[in-house]
Structures are given as C-alpha cells and as structure tokens.
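The first residue in the sequence is number 1, and the count goes up from there.
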Amino acid sequence: MCGIVGIVGKSNVNQALYDALTVLQHRGQDAAGIVTSHDGRLFLRKDNGLVRDVFHQRHMQRLVGHMGIGHVRYPTAGSSSSAEAQPFYVNSPYGITLAHNGNLTNVEQLAKEIYESDLRHVNTNSDSEVLLNVFAHELAQRGKLQPTEDDVFAAVTDVHQRCIGGYAVVAMITGYGIVGFRDPNGIRPIVFGQRHTDEGVEYMIASESVSLDVLGFTLIRDLAPGEAVYITSDGKLTTRQCAAKTFYSPCIFEYVYLARPDSIMDGVSVYKARLRMGEKLAEKILRERPEHDIDVVIPIPDTSRTSALELANHLGVKFREGFVKNRYIGRTFIMPGQAARKKSVRQKLNAIEQEFRGMNVMLVDDSIVRGTTCKQIIQMAREAGAKNVYFCSAAPAVRYPNVYGIDMPSAHELIAHNRSTEEVAELIGADWLIYQDLADLVEAVSESNPALQGFDNSVFNGEYVTGDIDSAYLHKIEQARNDLSKVKSSAVSAIIDLYNN
C-alpha cells in the first residue's frame, strides 16, 4: 500500500505535491519523495520518513517546475532502506520518473527479461523499478525523438501485456507530460481531476479523491481497469483504454481499512460503505445472538468508528468512545516489525475506565490480521473493569496473504488461518467474536455502484484475481518475508546491543 500523486500545473507544483502527500500519509509512513521538471531538468528529493520530516524549506525551494509526481511508501517488496524510496528515475528514453502503488506478481520473470532482452540494469529489489524499466523500454521501442500521445498509450499497452499484478502508476516524461495508468483488474485505486486557476486548467492524478478535494480539485472520475490518462506539459488531457481484456475487481480491503473515509473510490463512498458494514454486522448479531446482553459499543479508533456507530444504532445500545488515541503514533498495521506493533498499542491507546467498569462491552475493529493488537486491547478493557468483552470485525476473517501491494504477513502469522471463529476468540481473549460475512461485505461496498463486476477478496477467500498465484508462489513470498523479518530483527538487536554496551 502506497500513495501516489502527479500534477501538471501552471506554476510551481512543489507545495501542492507536498500537501497531497500529507493527505495521503495514511497510505505509507516509511518513505516519501517528490520529483519536479523544469526546463528539461529534474529536481528530486526522497528519503525515509514522514512527509513533514523528508521535506524541509531548503528542499522545497529546489523543487521547481510546473509538473511533478510524488510518492509515500509503505514497504511491500524489497527492504525499507532509503534506496527503495520513490520516485525512481531512468535516463533513457527522455528521462522518465515513476511512482507506483501495488505489486507485480511476475517480477522475477520481468527482471530477467529486462537484463537479458531489454539490456537494462535494475539497481534495487523494488518491483517499481522493474515496472519503470519495462515502461521505458516499451516507450523507447517507438523510436521517436519526441513522443506523441499515441506512443505513450502504446507503451502502456505493452506494459499491460508484460506485467501481471495490481498496480496504479504515475510516470513523468521529462519535458513532455505525466501519464497515469491502472492494471487491467483495477485492483489498486487511482483517480484524476482538475481545477481552474487564473492561469488556466490544472490537472491532478492521485490514489484517492480526498487529496483532490483538499487541494481544490474537482474529481473527474476513476481510471477504469487497463485505462491510461496522459496530460501533456501544456495541459492537454487524453484518456485511452490500453488493455484488451479487463475485469473490474478493486481491492475490497481498501474500503475496510486502507482508504480514508472521505474518499470516493470507483464510485463508492468509503464512508457510506463502512456505515453499511455496521448495519450488516448488527443484523448478523441479531440473527446469531438475539438475546445478547451488550451494554455499550466501543470502537477501536479510528477506522472502525463509522461501522461501530451504525452497529450501535441498529442494535439500539449506547455508543461510547472508550479509548483515547495518541495521534502522534502511526498506524500499527503498517508499522514494520512485530515488536514495534506490540510496543505501540499501549502508547497509542488509553482506556477511559468509566466507560468499561461493570459493562458488557462490544469492541468493534475494522479487521483482525495478526490478532496481537486486539488481544492487548481486550486486555486493556478488562483491566478497565469490563464485566464481559465481546469483539466484532467489520471484515471477514483474514486467512490468506495479500500479493497485490499490501504487506500482510505470511499465512501462518494470520491468526484466523486454519482456525475457527471460536478458536480465534479464545486466542485474543474475547468472550465471543463475530466476523462480517464476505457476502455482506461485498453487498455493503457494491450497493453504491452496481457496475462493479467483483472485488479482489483474496485475503478472505484465497482466490487471486490475476489467476497466476499458486502454492509455490505463496511459499516463496512467505520465505522472502520471513527472511526480511529476520534481517530487520537482527538489525534491531544489533542497535540495542550497541546501545546497552
């Protein structure tokens, strides 16, 4: 999960890119980067850290130009070193920079092709750099001194033919324009919009519509699966379908957790979808436990608040804010390292004892992944005096790893993998547990847009929409993630030992 943005403006776009990345910070807290173009030259700043920490005044002053792209990174493939920060750059042809959200599932084959056939060198372990080199090679094949929009769209068409996986991309061709495109299944989100200024019309491409809203852009629409948009440096916008075969199947986990509630994705209000998730959960509770004794519904802030409020309304019980959140601690789901996640929960949340003492409490979370966080929160509720602690998840049980850009752990680290609901409830310490049904989740999201053909529900049902994922692939990524975890753990241990000595 990452955040991407591209802007073609009428004046310097550095501040607008910075502001857009700040709005998209929830999509990645590992690294940030901006590159701009002016008079045929590129100006780049990227590093590990939050947007506010990566860009200082001296950096912003150097990022000149009326065209640029930006990225916030959450590591999904490769390491979390600053070498993996985006955008990436390749000098031929024209000078191309690229930022990417998602994951390529045939990256090993592509990396081999790039070296052996395309005669290109890849300098990192990032699939984004592989994607950049594929796009650059296909654009170079056109053999033009000055690329036309037809050349750009033809290159994107060739990218779709070679690349498999989930990807949303913004790429800047130095001196010519910015292109955005989306994988043929539309797994990862991408939108574009415009705003009118005294100098003329400016255009923006971004992961979520909220970044357009905040900067005063009007949402035009989402890119369709396999579609590309090209905005020339002088402000001409063209779109074209670049994939022969498409199937509309966005990642449903975007609506559950990843996206901001004030975003519109594929014609669906994330906020409204989460309200309906709460309705569906309440209906399931009334079916399965009509004699429930819930006194109060308490959300685990922040993502579950919308669903919890509607759940309480439909159950006819009190809704209370039982936890105070320290907003200076990052999202625990996207923190690298289990140790960091465990430590951050107590720093991040504190229980209001008066809302728990003597109560039968229903805690609501957006999902349960590893189970570590909710186990600690349930314990906090008991320590605050709760009589019984029930737990419900706005999402179904997460049983399978994600391969399209969300760095969920390997299957054996998922608490629900090969376990029943009752077993999970016992492990997290809940008196009972309710999961959302997958059919209800799909209905809650799709109600606003009947045009959606389906969703990528792979983390819930193990069905991967690209059709190329088998047990051998899952085993390989499990080993890679375990090896990466060992490296990170060793590095942390080394730092601790150095400090203690």
**Request:** Please state whether the rings of Phe153 and Tyr230 are parallel, tilted or perpendicular, taking 30° and 60° as the class boundaries.
**Result:** perpendicular
**Asked** Of His160, Arg182, His100, which meets side-chain hydrogen bond (donor to acceptor under 3.5 Å, both in side chains) against Tyr167?
**Response** His160
**Prompt:** Would you say Glu108 has more than 12 foreign heavy atoms packed within less than 6.0 Å of its CD?
**Reply:** no
**Prompt:** Taking atom OH of Tyr271 as the centre, does the number of heavy atoms from other residues, nucleotides or ligands within less than 6.0 Å exceed 12?
**Reply:** no
**Prompt:** For atom NZ of Lys375, is the number of surrounding heavy atoms from other residues, nucleotides or ligands below 6.0 Å larger than 12?
**Reply:** no
**Donor on one side chain, acceptor on other, Thr124 and Glu129, under 3.5 Å** = yes
**Prompt:** So, Tyr248 and Asn185: side-chain donor and acceptor under 3.5 Å apart, yes or no?
**Reply:** no
**Prompt:** Between Lys46 and Phe88, is NZ or CZ placed under 6.0 angstrom from the six-membered ring centre and within 45° of the ring axis?
**Reply:** yes
**Asked** Does the side chain of Ile69 come within less than 4.5 Å of Leu17's, by heavy atoms?
**Response** no
**Request:** Answer yes or no: are there more than 12 heavy-atom neighbours, outside Lys284 itself, under 6.0 Å from its atom NZ?
**Result:** yes
**Item:** Residues Asp150, Arg240: salt bridge by 4.0 Å N-O rule
**Value:** yes
**Prompt:** Can you check whether Ala224's main-chain N or O pairs, donor with acceptor, with Asp222's side chain at less than 3.5 Å?
**Reply:** no
**Complete:** Taking every heavy atom of Ile368 against every heavy atom of Cys374, the minimum-distance pair comes out as CG2-SG, 3.8 Å
**Request:** Please answer whether the main-chain N or O of Val424 pairs with a side-chain N or O of Glu422 as donor and acceptor at a distance below 3.5 Å.
**Result:** no
**Message:** Under the criterion side chain to side chain contact (heavy atoms under 4.5 Å, CB included), I'd like the reasoning laid out for Glu202 against Gln194: C-alpha separation, chi angles, the key distance, then a yes or no.
**Reply:** CA-CA 6 Å; Glu202 300 180 321; Gln194 65 181 17; over 6 Å; no
**Item:** Which atom of Gly95 lies closest to which atom of Tyr89, heavy atoms considered
**Value:** CA-CE1, 3.9 Å
**Asked** Just by distance, with hydrogens left out, do Ser448 and Arg276 show a side-chain donor and acceptor under 3.5 Å apart?
**Response** yes
**Prompt:** Would Tyr404 and Thr466 count as having a side-chain donor-acceptor pair, cut-off 3.5 Å?
**Reply:** yes
**Prompt:** Side chains of Val369 and Ser367: does their closest heavy-atom pair fall under 4.5 Å?
**Reply:** yes
**Fill in**
Scanning both residues in full, the closest heavy-atom pair of Ser307 with Ala394 reads OG-CB, 4.0 Å
**Message:** Using only atom types and a distance under 3.5 Å, with no angle test, would you say the side chain of Asn106 pairs donor to acceptor with the backbone of Ile164?
**Reply:** yes
**Message:** Ring centroids only, cut at 6.0 angstrom: are Phe192 and Tyr203 within range, meaning strictly under it?
**Reply:** no
**Request:** Please check if the side chain of Glu138 supplies one atom and the backbone of Val156 the other of a donor-acceptor pair under 3.5 Å.
**Result:** no
**Asked** Is Val191 close to Leu223 at the side-chain level, that is, under 4.5 Å between some pair of heavy atoms?
**Response** no
**Asked** Arg419 and Leu414: which non-hydrogen atoms are nearest, and at how many Å?
**Response** NH1-O, 4.0 Å
**Message:** Taking the side chain as everything from C-beta on, heavy atoms only, tell me whether Arg260 gets closer than 4.5 Å to Val270.
**Reply:** no
**Asked** Do the side chain of Asp437 and the main chain of Ala439 share a donor and acceptor less than 3.5 angstrom apart?
**Response** no
**Message:** Please verify the inter-ring angle class for Phe55 with Tyr18; under 30° counts as parallel, over 60° as perpendicular, anything in between as tilted.
**Reply:** perpendicular
**Asked** Has the side chain of Thr157 got a donor or acceptor atom that lies under 3.5 Å from a matching backbone atom of Cys242?
**Response** yes
**Request:** I would like to know whether Glu254 and Arg188 meet salt bridge (charged side-chain N to carboxylate O under 4.0 Å, His left out); could you show each step before the answer?
**Result:** CA-CA 8 Å; Glu254 290 278 357; Arg188 301 264 67 89; 3.1 Å; yes
**Asked** Under 3.5 Å, is there a donor-acceptor pair linking the side chains of Glu113 and His137?
**Response** no
**Asked** Between the side chains of Thr105 and Asp468, does any donor sit under 3.5 Å from an acceptor?
**Response** yes
**Glu413-Ser410 side chain donor-acceptor pair, cut-off 3.5 Å** = yes
**Request:** Step by step, work out the salt bridge (charged side-chain N to carboxylate O under 4.0 Å, His left out) result for Arg120 and Asp118.
**Result:** CA-CA 5 Å; Arg120 287 177 170 270; Asp118 300 352; 5.6 Å; no
